[in-house]
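Whatever order the structure lists ligands and atoms in, that order sets their numbers, starting from 1.
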Amino acid sequence: MKIETKLVHAGEPRPRIAGAITLPVFQSSTYEAREELDYHDVRYARLNNTPNHIALHEKLAALENAEAALVTASGMAAITTSVLTVLGQGDHVLAQDCLYGGTHDFFSRDLADFGIEHDFIDATDPESWPAKCQPTTRAIYVETMTNPTLQVADLRAVVAFARERGLASMIDNTFATPINFRPAELGFDLSLHSGTKYLNGHSDIVAGAVIGRRPLLERVKRRLDHLGATLDPHACFLLHRGLKSLALRIRQQNDSAQRLAERLERHPAIDRVNYPGLASHAGHARARELFDGCGGMLSFELAGGSRAAHGFVRALRLAIFAPSLGGPETLVTLPALTSHAGLAPEARARLGITDALVRVSVGIESFDDLAQDVEHALERAQ
Ligand code: PLP
């Protein structure tokens, strides 16, 4: 089946429950026990095994052509549970240096409390990785496209390096989604998602997913059963409903972001546009080789500096100044003030996050209306 068909049909119960075309919400915390079972097989909502969980697990695994999947209470629950499964006391992990803020903080502030060490790496420069590797290194962790400059790591080299050294390869695939990139096809062991974003796609739930090799997924599930960061059945239902339109939404977002990036690149009020679909982006060749589309996220730097960036967001009439991403509405943020406010100014400068940088999560509105709103706000920002 093609991915559009899998979105609709993979994982759906056969026969359909009471003939229902849409899988109903099983709003039951516990289930009748028919026989003596292992603790992890008891039907109980925290153990991630209600009919709503099972259908989602099958659908998500099918979408990335992976062996298994698991939904979690948030993207951070997917990340922390997976990291705390793959790594234990005395272990070391290599992580990309420009990760999503919450993940970056988890690595730099929390992991030491579990006896786990880390080193940040430039994920576009494989030659620099061996020097950072230690005898205790067990995993390498990257994102498909990073926030907010859309850096594209050398993903083939990450998988090869992990294989050579027996490390687990982990990737946050939130920005790409299975429509644009399927990590298991390249050989990644675990793909992680904030389902809050594109997978659900409606800005109305918080959710996460772990997708990958079955033996690893079984270990992640056991840890999740104990940590308890389970996605509740009603949120499962909403995620399931949102997923069915993923391909339609992502293709529109790929297209609108590409067109907007091209238009912004020619605009005199703009110094630089970060979008992997542009030939001027450092990750362009890699994105074209590996991805089926470059996604709905882009960022740009205003020539007028911080004042112009603030003026721009104030002048928007359609796009909304708000955190998060991946929903139907276009959302705009100033990363230096929001997602990356916790970083020292020098660290932000090193990552290309200036006070004049604006990040856009392109929604599914008409491109013409969106482009008009952005161009109007740019005029007003001068
Ligand atoms: N990964 C990425 C790339 C994100 O952008 C986010 C949230 O913004 C997360 C993970 C965390 O997801 P959640 O907010 O669902 O916990």
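- Atoms of ligand 1 found under 4.0 Å from any heavy atom of K197, numbered from 1 in the order shown, are 6 (C), 7 (C), 8 (O), 12 (O), 14 (O).
- Of the charged side-chain nitrogens involved, none lies within less than 4.0 Å of a carboxylate oxygen, so that K132 and D119 do not count as a salt-bridged pair.
- A salt bridge between D225 and K221 is present, with a side-chain N of the basic residue lying under 4.0 Å from a carboxylate O of the acidic one.
- The distance from ligand 1 to the heavy atoms of A207 drops below 4.0 Å at these ligand atoms: 15 (O).
- Looking from atom 16 (O) of ligand 1 to the surrounding protein, the closest heavy atom is M76 N, 2.8 Å.
- The closest donor-acceptor contact from the side chain of R249 to the backbone of I364 lies at 3.5 Å or more, if one exists at all.
- Heavy-atom contacts of I79 reach the following atoms of ligand 1: 10 (C) (cutoff under 4.0 Å).
- Looking from atom 11 (C) of ligand 1 to the surrounding protein, the closest heavy atom is Y100 CE2, 3.5 Å.
- Between V206 and ligand 1, not a single N/O pair is under 3.5 Å apart.
- Aromatic ring pairs are classed by plane angle as parallel below 30°, tilted from 30° to 60° and perpendicular above 60°; the pair H53 and H57 is tilted.
- Within the listing of ligand 1, atoms 13 (P), 15 (O) sit less than 4.0 angstrom from a heavy atom of T196.
- Comparing heavy-atom distances from atom 1 (N) of ligand 1 across D172, N147, N200, T72 singles out D172 as nearest.
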Query - Verdict with supporting geometry, L370 and V362, side chain to side chain contact (heavy atoms under 4.5 Å, CB included) - result: CA-CA 9 Å; L370 180 60; V362 175; 3.7 Å; yes
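- Counting only distance, with no hydrogens or angles, the side chain of D91 and the backbone of L87 share no donor-acceptor pair below 3.5 Å.
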